[in-house]
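Taking it in order: structure first as structure tokens, then the write-up.
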Amino acid sequence: MIARVVVDVAARQTDRPFDYRVPEEAEAWIEVGSRVAVPFGGRTVQGFVVGFAQEAEVEPGRLKPIGELLDPTPPLRPDLIELARWMADTYGCTWTAAMQAMIPAALKGKAERMVSLAQNPGAADHAEAAPGLSDALIAWLKRYGPVKLTTLLERFPDEAQAVSGALRRGVLAESAQVRDRLSVKKILTVFPPEDRAAAEAAAAAFPARLTKQRQALLHMLERNEPVPLRRLAEESGFSESIFRALADKGLLSIEAVEEDRDPYAGRRFTPTRPLPLTDAQAAAYRRIAEALESGKPAAMLLQGVTGSGKTEVYLQAIERCIASGRQAIVLVPEIALTPQMVERFKGRFGSDVAVMHSRLSLGERYDEWRKVRDGRVRVAIGARSAVFAPFERIGLIIIDEEHESSYKQEESPKYHARDAAVHRAGQHGAVVVLGSATPSLESFAAARLAPAAAAAESGGQADGPAARVCPGAALRSAEWLPLPERALGLPLPPVDIVDMREELAAGNRTMFSRRLREALTQRLERGEQTVLLLNRRGYSTFVMCRSCGYTAGCPHCEIALTYHQRSGVLRCHYCGHAERQPEECPACGSPHIRYFGTGTERVEEELYRAFPGIRVIRMDVDTTGTKGAHEKLLSAFGRREADVLLGTQMVAKGLDFPLVTLVGVIAADTSLHLPDFRAAERTFQLITQVAGRAGRHDLPGEVVVQTYSPDHYAIRAAQRHDYDGFVREELRARRLLSYPPFCRLALATLSHPELPKLAEAAERFAAALRGAAASAGLLKPLAGGSGAALELVGPAASPIPRLKDRYRWQVMIKYRGIVDAAGLIRQAAETLAGDRSAGDVQISVDVDPQVIL
DNA sequence: AGCACGCCGACT
DNA sequence: GTCGGCGTGCTC
């Protein structure tokens with residue numbers, strides 16, 4: 001039997017299956033999805049089995065055997081292997097990178113090169129046989145046996161060459177070992193005797209001096225169930241050695257048993273029952289249930305205003321799904337995966353839920369993942385990567401807050417979880433439910449424009465604007481399920497727009513408008529709480545010398561440094577570079593340094609100044625860096641230990657505190673004027689989301705939005721809670737400028753340490769791309785017509801023109817219809833690489849980029 | 001990516 | 001004459 005293996009080597013050239021002979025004893029165990037260690041080019045690497053064949057594609061002489069099967073149960077399944085292939089094709093990443101993204105980090109073991117002294121019976125001592133190696137090194141190897149090559153070289157850096165020579169001459173022996181980064185946690189557990197009668201008899205016959213052993217045995221006989229050794233010792237008062245002695249006599253058995261690290265151990269979740277549904281909820285639930293029943297893949301857009309009870313629909317749909325013997329996945333944005341959220345799912349489904357997110361430790365994540373793989377749970381809830389939960393028969397995939405850009409992974413593999421979910425649903429005949437109060441324009445297009453386009457097409461008019469929508473890599477169309485009302489019948493809070501230009505004209509130079517100041521004062525008097533949003537961290541956004549105009553920039557990136565007052569440093573938010581705040585201008589020596597722009601740190605300071613005695617909790621990347629900090633801050637706010645929760649967009653999602661009656665947006669313009677075609681969409685979503693935090697319970701809420709652009713349609717529409725109105729305007733703009741959802745984008749970014757070399761490479765790359773597109777007959781304007789079309793934009797400097805000492809240029813592809821964008825970019829990259837002078841140019845691909853910046 | 005093979009300068 | 005520099009090419 002031949003296994004086709006994709007090895008874990010991050011290179012384009014090796015990203016394909018290699019054939020290996022399967023040893024006979026492994027035949028019964030090896031499957032598509034198995035993880036194996038294989039010899040590859042003179043070393044051992046790990047890889048995944050992606051298929052089998054009767055005959056190898058290379059001559060049998062070159063075939064090597066699989067080294068080792070690394071897991072008793074395959075970590076991947078055939079559907080995930082295929083999904084990884086689809087990701088590689090769609091997003092231009094490697095197959096192996098996509099597969100690596102699907103398994104927990106604990107399994108990403110690398111093969112270690114181990115070194116030891118070769119057995120050399122002829123030589124009197126090793127120093128004689130190994131010239132060049134120091135006595136100290138030889139003694140060390142003798143003492144510690146096979147050691148990692150890297151460890152050896154770290155300890156004896158001067159002898160690297162001698163070691164490599166010794167390895168070549170066979171004086172030192174080398175072996176390879178693939179080791180996981182973590183093993184299953186095992187716990188010593190005492191089992192009751194198999195032969196109870198014999199044990200009782202033995203206990204009766206114990207001599208008097210062994211009273212402790214006798215009593216301990218009787219205790220265990222009474223317990224009569226497996227008990228962890230440590231706990232048994234604690235509860236019985238006998239030491240562990242007493243039980244070990246009994247085990248030595250064969251009266252009890254002690255075994256190491258696998259144990260899960262349960263991140264929610266000891267936490268009690270209040271069980272909840274299904275709530276009665278409103279008419280709209282019931283209608284949505286019915287449609288989802290029907291789709292589940294049919295067993296055919298389907299996508300649904302559940303569009304419900306904040307507080308409309310989307311979660312209850314999810315919960316009941318999941319119940320329906322698991323009752324029919326299938327499993328369900330729930331995706332939520334990472335920052336929304338709060339204890340409040342987990343509680344709702346644990347409360348309904350108890351121990352049937354696995355929770356997967358980045359705040360868990362390596363071991364906890366591994367254990368939650370194993371619960372899924374081993375079929376011990378039927379529901380998985382987690383961030384983006386939970387879309388890869390290794391369930392066997394998926395019935396339902398829910399994507400909550402589907403418009404969130406965090407569903408797109410920003411590092412390779414740059415996949416979009418929404419599209420990966422739709423593809424996976426296709427494999428399983430599952431239903432995807434996209435939930436949001438403010439759906440992305442892509443999902444709106446899939447639910448509202450695509451069906452209209454299909455209808456027009458069947459009516460013979462294939463050329464309308466709706467015919468040109470391209471919602472995503474996998475999402476084509478969806479059924480629309482609206483929830484227009486809040487479940488408790490509460491009104492949405494009124495939104496007040498404050499024109500900050502008028503504040504300035506009236507002589508108010510602070511960052512708080514009179515309206516916001518008054519509202520905040522009122523809340524302080526009444527003992528109610530406030531959420532303040534400012535989408536920018538740090539103290540000030542740029543630092544400028546008033547004498548000469550010098551601005552502090554990052555030496556590695558072409559970007560302004562942000563001043564962080566508490567730590568007294570200027571920091572680059574892109575590469576992390578930090579330097580001390582200057583006392584005087586580094587360019588002209590003038591002491592007149594001014595800090596412009598406002599971040600959360602500065603707002604906090606101003607709050608203390610403007611409202612003496614106010615209690616503020618600031619929540620941003622800087623205050624939530626440590627494990628559990630996020631939850632700690634939120635629960636402190638929940639206990640009324642602060643009057644104001646101030647933060648970046650992480651305060652906008654999913655929070656539900658009954659005493660919050662005021663929400664303030666300090667500067668809506670922060671996100672509105674970014675050079676990104678989604679800036680208006682983001683701003684509308686952010687204001688709508690954060691507004692939804694106010695007045696969710698008995699007390700009515702209100703929202704104050706401060707802006708210098710009070711007439712912008714995104715802000716006006718947010719004020720009216722008017723999603724449809726916003727989308728109408730936004731679609732008009734997108735169509736005019738040819739942006740999603742009327743086309744798709746793929747961004748190729750080239751980088752190089754030297755600008756002239758980069759510029760030249762970028763030109764040649766763009767020319768190669770244009771050539772490839774033209775010969776495929778795709779290069780034609782997007783405006784008008786239908787069918788596949790493609791336009792190139794650039795090459796031009798990237799919005800971040802330099803990052804980590806590399807200049808960056810980009811080429812954007814806009815396209816619609818059936819176009820293999822990732823393939824075209826790869827083709828052009830290969831053309832460029834074939835050219836000798838290309839040098840150190842790196843090319844990265846981002847298909848369906850969510851952030852153009 | 002690694003690692004071996006292979007062809008040119010500075011040392012035992 | 002050998003060691004070792006890193007350019008090119010392959011890994012079942």
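None of the values given here were measured: they were computed from a predicted structure. Proteins get letters first, then strands, A, B, ... in listed order; numbering begins at 1 in each. These values consider heavy atoms only, across backbone and side chains, with no hydrogens, waters or symmetry-generated copies.
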A/H423 vs A/W86 aromatic rings, parallel, tilted or perpendicular, using cut-offs 30° and 60°?
parallel
Can you list, by residue number, the residues of residues 16-33 of chain A that have a non-hydrogen atom closer than 4.0 angstrom to DNA chain B?
none
Integer-rounded Å distance: C/dT11 P and A/L63 CG:
13 Å
A/R12 has an atom CZ; how far is it from atom P of C/dG9, in whole Å?
20 Å
Donor-acceptor pair, distance only, cut-off 3.5 Å: does the side chain of A/R826 make one with the backbone of A/G92?
no
To the nearest Å, how far apart are A/E59 CD and C/dC12 P?
12 Å
Start with the C-alpha distance between A/Y407 and A/Y415, add both sets of side-chain angles, then the distance that settles side chain to side chain contact (heavy atoms under 4.5 Å, CB included), and finish with yes or no.
CA-CA 8 Å; A/Y407 283 122; A/Y415 66 94; over 6 Å; no
Can you tell me the distance, in whole Å, between the CZ atom of A/F52 and the C1' atom of C/dC12?
15 Å
Just the rounded figure in Å: distance from P of C/dT11 to CG of A/D15.
16 Å
Touch class at under 4.0 angstrom, heavy-atom based, for A/A10 against every strand present:
sugar-phosphate
With sequence neighbours left out, write down each residue that passes side chain to side chain donor-acceptor pair (under 3.5 Å) with A/R85, or none if nothing qualifies.
A/D89
Quick one: A/R43 CZ to B/dA4 C1', roughly how many Å, whole number?
12 Å
Using a 4.0 Å heavy-atom cut-off, does A/Q13 contact any base of the nucleic acid, only the sugar-phosphate backbone, or nothing at all?
base
Determine, step by step, whether A/R393 and A/Q327 satisfy the side-chain hydrogen bond (donor to acceptor under 3.5 Å, both in side chains) criterion, reporting the C-alpha distance in whole Å, the side-chain angles of both residues, the deciding distance to 0.1 Å, and the verdict.
CA-CA 6 Å; A/R393 262 189 90 212; A/Q327 297 97 41; over 6 Å; no
CD/A/E410: more than 12 non-hydrogen atoms of other groups inside 6.0 Å:
yes
